[in-house]
Amino acid sequence: MVAENGNKPRVLSGIQPSGNLTIGNYLGALKQWVEVQNDYDCFYCVVDLHAITVAQDPAELRRKTRESAAMYIAAGIDPEISTVFVQSHVPAHSELAWILTCMAPLGWLHRMTQFKDKSAKQSQDSIGAGLLNYPSLMAADILLYHADLVPVGDDQNQHLEFTRDLAQRFNHLYGETFTLPSVMNPQAGARIMGLDNPTAKMSKSEASENHAIFLLDDLSRAQKKVMRAVTDSHREIRFSDDPERAGVNNLLTIYQAITNETQEVIEAAFADKGYGDLKRTVADVVVGTLEPLQARYYELMNEAGYLDSVLKIGQEKAADIAQDTLKLAQKRMGFLAPS
Ligand code: TRP
């Protein structure tokens, strides 16, 4: 099975609708999704079925799902080029996930570090079984579309390995059915750290005020957060993996991820500058990124019917492909076809 759309390899990725996306989510994921959309046949979904592996408030989940989809488009994903859809709108995801759940060895699932981390924080009686089966659902997302490439952060590599192993197992038992996907590496330096604590990944759930820049932050607030970022007592402005210099490195990384310039060019440009200049320049490019994104976002959210029509078209395109793959998998496994 080969993904076909002209000769373009297929890309699939998703983000949970957990709301409040940060500039880390944008630079680590969304920006890359935008950059590859002309060269690949891209499918981007809002993974609401994954979100319910932990408790969600129904009204909030609905709101955040729409907001996430709007954010994909505001960030530059063009729904005329890429397919944007909501995971639960395509029932084949749940159906293939069940088949894969039945095939996924418990040992593999228990070895997933994300499951170990998330489940360690709760008692056995409050964790839903969906948290353990999360990787099988993610595998279904990817395999339904015969995705060749999956742009994800390092923390998802293990889930991608799992997807490949499971696809191989299925193909071996029932015949060639699924395409084995590869990770699409994020461009160097797309891992953005907290501004107040540059040795921890920027996270939307971190409580402290100066930790994360949210995509919908007031522009003046975003600027202040950059100006207050932790640096160090050195002087040179250079990329570095020294933990003591993580703050400056993080600011440079943000700058590089936004401008796409090389490290050499950036270091040369800051060679005779101070930390104040660095922060002002980074604040400027951050604001320059957020401003048009926010304008598009609010325009989209205020245009009645537009987002829903995009999601409906996305659903139809996605369901067409997903349904064919699901049927094939069901047939291979021996399900009686309905007459
Ligand atoms: N697990 C991914 C994350 O937390 C989200 C996700 C769900 C995903 N399904 C996917 C990513 C399919 C890529 C492809 O980031």
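Residue indices begin at 1 and follow the sequence shown. All ligand and atom numbering here is 1-based and tracks the order in the structure.
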May I ask you to identify the nearest protein heavy atom to [atom], giving residue, atom name and distance to one decimal place in Å?
atom	value
atom 1 (N) of ligand 1	Tyr134 OH, 2.7 Å
atom 6 (C) of ligand 1	Gly14 O, 3.8 Å
atom 9 (N) of ligand 1	Asp141 OD2, 2.7 Å
atom 12 (C) of ligand 1	Leu12 CD2, 3.7 Å

At a 4.0 Å threshold, what atoms of ligand 1 neighbour a non-hydrogen atom of [X]?
X	value
Val150	13 (C), 14 (C)
Val152	11 (C), 13 (C)
Gln156	1 (N), 2 (C), 3 (C), 4 (O), 15 (O)
Val47	7 (C), 9 (N)

Using a strict threshold of under 4.0 Å (side-chain N to carboxylate O), is an ion pair present between Asp41 and Arg10? yes
_Does the plane of the ring in Phe85 sit parallel, tilted or perpendicular to the ring in Phe43? Use 30° and 60° as the thresholds._
perpendicular
request  = Would you please classify the geometry between the Tyr44 ring and the Tyr72 ring as parallel, tilted or perpendicular, with 30° and 60° separating the classes?
outcome  =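 Perpendicular.
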Closest contact, heavy atoms only, Leu49 versus Ile52: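 So the two residues come closest at O-CG1, 3.2 Å.
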- Task: Decide whether an N or O pair under 3.5 Å exists between Gln16 and ligand 1.
- Result: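 No, Gln16 has no N/O under 3.5 Å of an N/O on ligand 1.
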- [ ] Taking atom NZ of Lys279 as the centre, report whether more than 12 heavy atoms of other residues, nucleotides or ligands fall under 6.0 Å from it.
- [x] yes
I'd like to know whether CD of Glu291 has more than 12 heavy-atom contacts from other residues, nucleotides or ligands below 6.0 angstrom.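 At most 12 heavy atoms, drawn from other residues, nucleotides or ligands, come within 6.0 Å of this atom.
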Report task. Calculate, to the nearest 0.5 Å, the distance between atoms CD1 and CG belonging to Ile127 and Leu132 respectively. Result ->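 Those atoms lie 9.0 Å apart.
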